[in-house]
Amino acid sequence: MTTPARVRVAPSPTGDPHVGTAYMALFDRAMADKTGGRFILRIEDTDRTRYVADSEQKIFEALKWLGLQPDEGPPEHGPGGPYGPYRQSERLPLYKQAADELVAKGRAYKCYCTSERLETLRKIQQAEKSKFVGYDGLCRNLTPEQIAANDAAGKPHVVRLKLRREGTIKVHDLFRGELSFDAAEQQDAVMLKSDGFPTYHLAMAVDDHAMKITHVIRAEEWLPSTPIHFELYRAFGWEIPVFAHMPLLRNKDKSKISKRKNPTSLLWYRDAGFLPEALRNFLGLMGFSLPNDQEIFTYQEFLQHFDLAKVNIGGPIFDLQKLHWLNGEYIRRLDDADLAARIVEQCKLLAGREAELADLPESELPQETFLKDFEQKRRRQSRILGGLAGELTARVAKQPDALLPIMPLIKERLHTLVEAADYLPMFFTGEFAFTREAFVPKKQTPEGAVQALKEARAILAAQDFAAPGAKDALDAAFRAKAEALGQKIGPFLGPVRVALTGATVSPPLVESMLVLGKAETLRRLDNALKFLGQA
RNA sequence: GGCCCCGUCAUCUAACGGUUAGGAUACGGCCCUUUCAAGGCCGCGAUACGGGUUCGAAUCCCGUCGGGGUCACCA
């Protein structure tokens with residue numbers, strides 16, 4: 001039952017690595033691991049007009065980041081393998097040979113129709129509301145003499161698959177079972193383009209066959225062209241692998257996930273401070289579930305329960321809000337050293353990218369409210385974090401565990417690494433642009449603020465920060481003082497918080513003071529008093 | 001529009017043909033609290049609709065409706 005599967009992910013290098021690629025790669029990786037098989041990365045670079053030079057490198061990095069490395073793939077980025085080359089542009093002779101074979105067998109033919117003719121044809125068909133839209137087969141029955149004449153005249157041509165005109169074409173899908181398509185509605189698809197490059201259809205079949213792929217796990221958008229693929233395999237006389245059409249990831253409006261409505265670049269998720277294991281977990285939740293309502297799981301746990309046949313094929317909406325929650329869960333489970341290291345890495349990743357991370361004009365911001373807020377915040381936070389890179393790396397270089405004491409204070413406040421920007425700066429600078437409003441919220445008075453600062457200063461000045469139990473002692477002292485003044489502890493510590501952190505929202509105060517040290521804490525209180533004109 | 005796929009809370013999903021249709025996110029409330037979080041408790045909230053089959057249907061069948069995908073010398 002579990003013969004080793006050979007599966008592949010086959011992205012085309014046309015831009016940033018896509019979240020859908022990672023989604024397929026996860027299920028590929030699981031299928032290979034579950035069966036003791038192999039996971040292959042094949043680069044489908046047959047479209048020269050859309051080729052982006054550094055895309056392939058990014059795809060590989062993104063898969064590595066997610067821990068979804070292939071077992072076989074282009075040797076420049078990894079393991080290589082016995083079925084190479086793994087880049088379609090390096091396999092051109094194979095496709096030519098395959099196309100020739102089909103023509104020789106009478107299963108394909110040369111077509112000399114111009115793209116102008118094709119376009120006109122399409123327009124007419126659409127205008128006539130014709131049931132059939134597609135190539136009309138004009139060149140299907142060219143005589144050998146006509147073909148020779150065309151070739152002699154140097155006319156460019158494509159090679160088209162010669163499909164049956166009647167009956168039904170049966171295909172099989174792992175999830176949906178047998179599916180029938182009317183042969184008359186299929187068109188003679190192009191196999192070889194006039195530039196000598198293959199189309200997806202030919203290249204996919206030739207390579208999957210040559211690479212001994214057992215399971216074609218791909219997106220549902222391919223379902224309509226599956227009849228062509230089955231007929232192609234049949235024309236060659238090859239064994240047909242199992243086809244499994246995975247659901248499409250969706251935008252909030254249920255349309256297929258797209259750049260304009262949802263972040264689709266894996267690099268975006270990395271930049272925004274999502275943990276690879278959290279994103280991978282989240283992708284695993286899309287269409288699959290573990291027993292006992294378990295939502296947070298390691299790859300090993302996922303694998304333990306994985307069964308390709310149990311995938312839920314209703315198209316899941318990619319809910320960034322839930323990923324945000326899940327990422328927070330993962331961050332909270334990180335130990336302090338790990339979290340600190342990841343924050344430092346994130347800082348380095350973002351350093352020097354201020355221009356790229358500038359605020360977006362309203363018109364370029366996403367429409368959806370959560371995403372819009374997230375993107376605005378994330379850009380601001382990214383700039384702050386990037387700016388901290390130098391200071392952080394310097395401190396860690398001097399003292400490797402310098403950040404450790406801070407981690408417990410911020411860990412449970414983070415949902416992404418980038419959100420550390422909201423809490424970290426106060427530990428590295430005491431120079432704040434104070435405003436009077438911050439010190440004096442509604443219902444409070446300037447005198448009250450000054451008094452609170454002075455009282456707090458007195459308590460702190462009398463306390464040995466290094467003493468055991470310093471935290472509890474300070475807690476108690478602040479509490480007692482607030483009570484003595486007839487105040488609640490919250491409002492009492494308000495001005496102190498602003499003095500110490502420059503913000504009205506911060507990590508817990510007393511713990512923060514202990515991290516800062518007595519001298520720095522007192523200095524900041526004095527600065528604040530000076531600002532309020534009460535030094 | 002033709003063809004194809006899909007249809008359980010707003011979202012991700014669970015439920016041998018027999019459950020008060022479960023969990024999670026989000027949202028609301030309460031508790032905890034030093035701000036913000038985190039955490040705890042409670043609440044809101046779904047089997048698209050109509051027919052069958054069956055003692056019994058979210059589950060099987062048909063239809064309707066809805067959503068999506070696809071109709072390139074792109075993948």
Side-chain angles (χ1 to χ4, degrees), chain A residues 10-12 14 44-47 49-50 111 113-115 118-119 122 125-126 129-135 156-160 171 173 175-176 179-182 185-187 189-195 197-201 203-204 218-227 245 247-248 250 252-256 282 285-296 312-326 328-329 332 370 410-415 419 422-423 475 478-479 482 488-494 496-498 501 503-511:
Chain A
S12 44
T14 54
E44 307 230 332
D45 57 347
T46 58
D47 184 350
T49 61
R50 294 204 304 158
C111 168
C113 292
T114 62
S115 37
L118 263 24
E119 199 170 321
R122 199 157 37 233
Q125 288 168 337
Q126 279 161 1
K129 296 200 163 110
S130 163
K131 258 188 79 173
F132 177 81
V133 178
Y135 184 60
H157 69 269
V158 302
V159 174
R160 287 182 185 273
V171 305
D173 175 86
F175 308 121
R176 290 159 262 254
L179 265 21
S180 293
F181 294 81
D182 188 346
E185 281 161 3
Q186 303 298 321
Q187 70 163 331
V190 173
M191 298 288 110
L192 216 52
K193 303 184 242 180
S194 56
D195 64 2
F197 278 66
T199 59
Y200 169 83
H201 309 300
M204 179 233 42
R218 58 170 16 171
E220 189 183 346
E221 57 187 324
W222 291 108
L223 209 46
S225 52
T226 305
H245 290 95
L248 251 16
R250 317 288 190 102
K252 261 216 156 74
D253 65 4
K254 293 187 188 286
S255 59
K256 135 173 123 173
F282 184 69
L285 246 20
M286 304 280 92
F288 199 76
S289 62
L290 269 57
N292 304 319
D293 298 315
Q294 185 179 357
E295 292 201 294
I296 301 176
N312 188 327
I313 58 174
I317 287 166
F318 191 97
D319 184 0
L320 190 66
Q321 216 166 146
K322 184 151 181 174
L323 173 60
H324 190 243
W325 161 78
L326 186 64
E329 291 286 328
R332 269 169 253 136
F370 179 82
I410 68 172
K411 190 186 282 181
E412 69 193 23
R413 278 156 246 273
L414 302 182
H415 299 89
E419 286 168 11
D422 287 348
Y423 307 107
D475 274 339
F478 285 139
R479 230 168 265 283
K488 290 202 165 183
I489 184 77
F492 173 71
L493 286 177
V496 180
R497 187 182 307 282
V498 174
T501 70
T504 53
V505 174
S506 80
L509 266 189
V510 174
E511 284 99 318

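Proteins get letters first, then strands, A, B, ... in listed order; numbering begins at 1 in each.
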Using side-chain heavy atoms (C-beta onward) and a distance below 4.5 Å, is Tyr200(A) in contact with Ser225(A)?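 When only atoms from C-beta onward are counted, Ser225(A) and Tyr200(A) do not touch, as no gap falls below 4.5 Å.
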Please name the pair of heavy atoms, one in [X] and one in [Y], separated by the smallest distance, quoted to 0.1 Å.
| X | Y | answer |
| --- | --- | --- |
| Pro156(A) | Ser194(A) | CB-CB, 4.4 Å |
| Asp319(A) | Lys252(A) | OD1-NZ, 4.2 Å |
| Glu412(A) | Arg332(A) | CA-CG, 3.9 Å |

Base, sugar-phosphate alone, or nothing: which one does [X] contact when heavy atoms must sit under 4.0 Å apart?
| X | result |
| --- | --- |
| Phe181(A) | sugar-phosphate |
| Pro508(A) | base |
| Pro227(A) | nothing |
| Thr49(A) | nothing |
| Gly287(A) | sugar-phosphate |
| Leu285(A) | sugar-phosphate |
| Val510(A) | base |
| Met286(A) | sugar-phosphate |
| Pro491(A) | nothing |

Residue list, side chain to side chain contact (heavy atoms under 4.5 Å, CB included) with Asp173(A), at least two apart or on another chain: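 With sequence neighbours excluded, Asp173(A) shows a side chain to side chain contact (heavy atoms under 4.5 Å, CB included) to Phe175(A), Arg176(A), Leu179(A), Leu223(A), His245(A), given in chain and number order.
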Listed partners of Thr501(A) passing side chain to side chain contact (heavy atoms under 4.5 Å, CB included), at least two apart: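 Listed in chain order: Met426(A), Arg497(A), Ala503(A), Ser506(A), Leu509(A).
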For [N] versus [M], give the span between their [atom1] atoms, rounded off to a whole number of Å.
| N | M | atom1 | answer |
| --- | --- | --- | --- |
| rU59(B) | rG1(B) | C1' | 34 Å |
| rC42(B) | rC6(B) | C1' | 36 Å |
| rG40(B) | rU47(B) | P | 29 Å |
| rU8(B) | rA46(B) | P | 14 Å |
| rG69(B) | rC12(B) | P | 15 Å |

Under the ring pair (Phe, Tyr, Trp, His ring centres under 6.0 Å) rule, collect the residues that match up with Phe288(A), sequence neighbours excluded.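 Applying ring pair (Phe, Tyr, Trp, His ring centres under 6.0 Å) to Phe288(A) gives Phe302(A), Phe306(A).
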Classify the ring geometry between His324(A) and Phe370(A) as parallel (under 30°), tilted (30 to 60°) or perpendicular (over 60°).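 His324(A) vs Phe370(A) ring planes: perpendicular.
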Run the salt bridge (charged side-chain N to carboxylate O under 4.0 Å, His left out) test against [X] and tell me which residues pass, sequence neighbours left out.
| X | value |
| --- | --- |
| Lys488(A) | none |
| Asp47(A) | Arg50(A) |
| Arg479(A) | none |
| Asp195(A) | Arg48(A) |

Residue [X], side-chain atoms from C-beta onward, closest of [options]:
| X | options | value |
| --- | --- | --- |
| Ile317(A) | rC73(B), rU11(B), rC4(B) | rU11(B) |
| His415(A) | rU35(B), rA75(B), rA37(B) | rA37(B) |
| Ser289(A) | rU13(B), rU34(B), rC74(B) | rU13(B) |

How close or far is atom [atom2] of [N] from atom [atom1] of [X], stated in whole angstroms?
| X | N | atom1 | atom2 | result |
| --- | --- | --- | --- | --- |
| Ile410(A) | rC36(B) | CD1 | C1' | 13 Å |
| Leu509(A) | rC36(B) | CG | P | 12 Å |
| Asp293(A) | rC12(B) | CG | C1' | 12 Å |
| Leu118(A) | rC74(B) | CG | P | 11 Å |
| Ile489(A) | rC32(B) | CD1 | C1' | 16 Å |
| Leu326(A) | rU13(B) | CG | C1' | 14 Å |
| Glu412(A) | rG40(B) | CD | P | 12 Å |

Report, one pair per line, the protein and nucleotides 25-31 of chain B atoms (nitrogen or oxygen only) whose separation is under 3.5 Å.
from, atom 1, to, atom 2, distance (Å)
rA26(B), O3', Gln321(A), OE1, 3.1

Between the protein and nucleotides 63-72 of chain B, are there any N/O to N/O pairs under 3.5 Å, and if so, what are the atom names and distances?
from, atom 1, to, atom 2, distance (Å)
rG68(B), O4', Arg250(A), NH1, 3.4
rG68(B), O2', Arg250(A), NH1, 3.4
rG69(B), OP1, Lys256(A), N, 3.0
rU70(B), OP1, Glu221(A), OE1, 3.4
rU70(B), OP1, Lys256(A), NZ, 2.5
rC71(B), O2', Val133(A), O, 3.3

Quick one: on RNA chain B, does Lys131(A) or Leu493(A) contact a more 5' nucleotide (nearest heavy atom)?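 By nearest-heavy-atom nucleotide position, the 5'-most residue is Lys131(A).
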For [N] and [X] - does any side-chain N or O of the residue sit under 4.0 Å from the phosphate oxygens OP1/OP2?
| X | N | result |
| --- | --- | --- |
| Asn312(A) | rA14(B) | yes |
| Arg497(A) | rC36(B) | no |
| Thr199(A) | rC74(B) | no |
| Ser506(A) | rC36(B) | no |

Hey, does the side-chain of Ser194(A) have a donor or acceptor N/O within less than 3.5 Å of a partner on the base of rC73(B)?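 Indeed, a donor on one side and an acceptor on the other fall under 3.5 Å apart.
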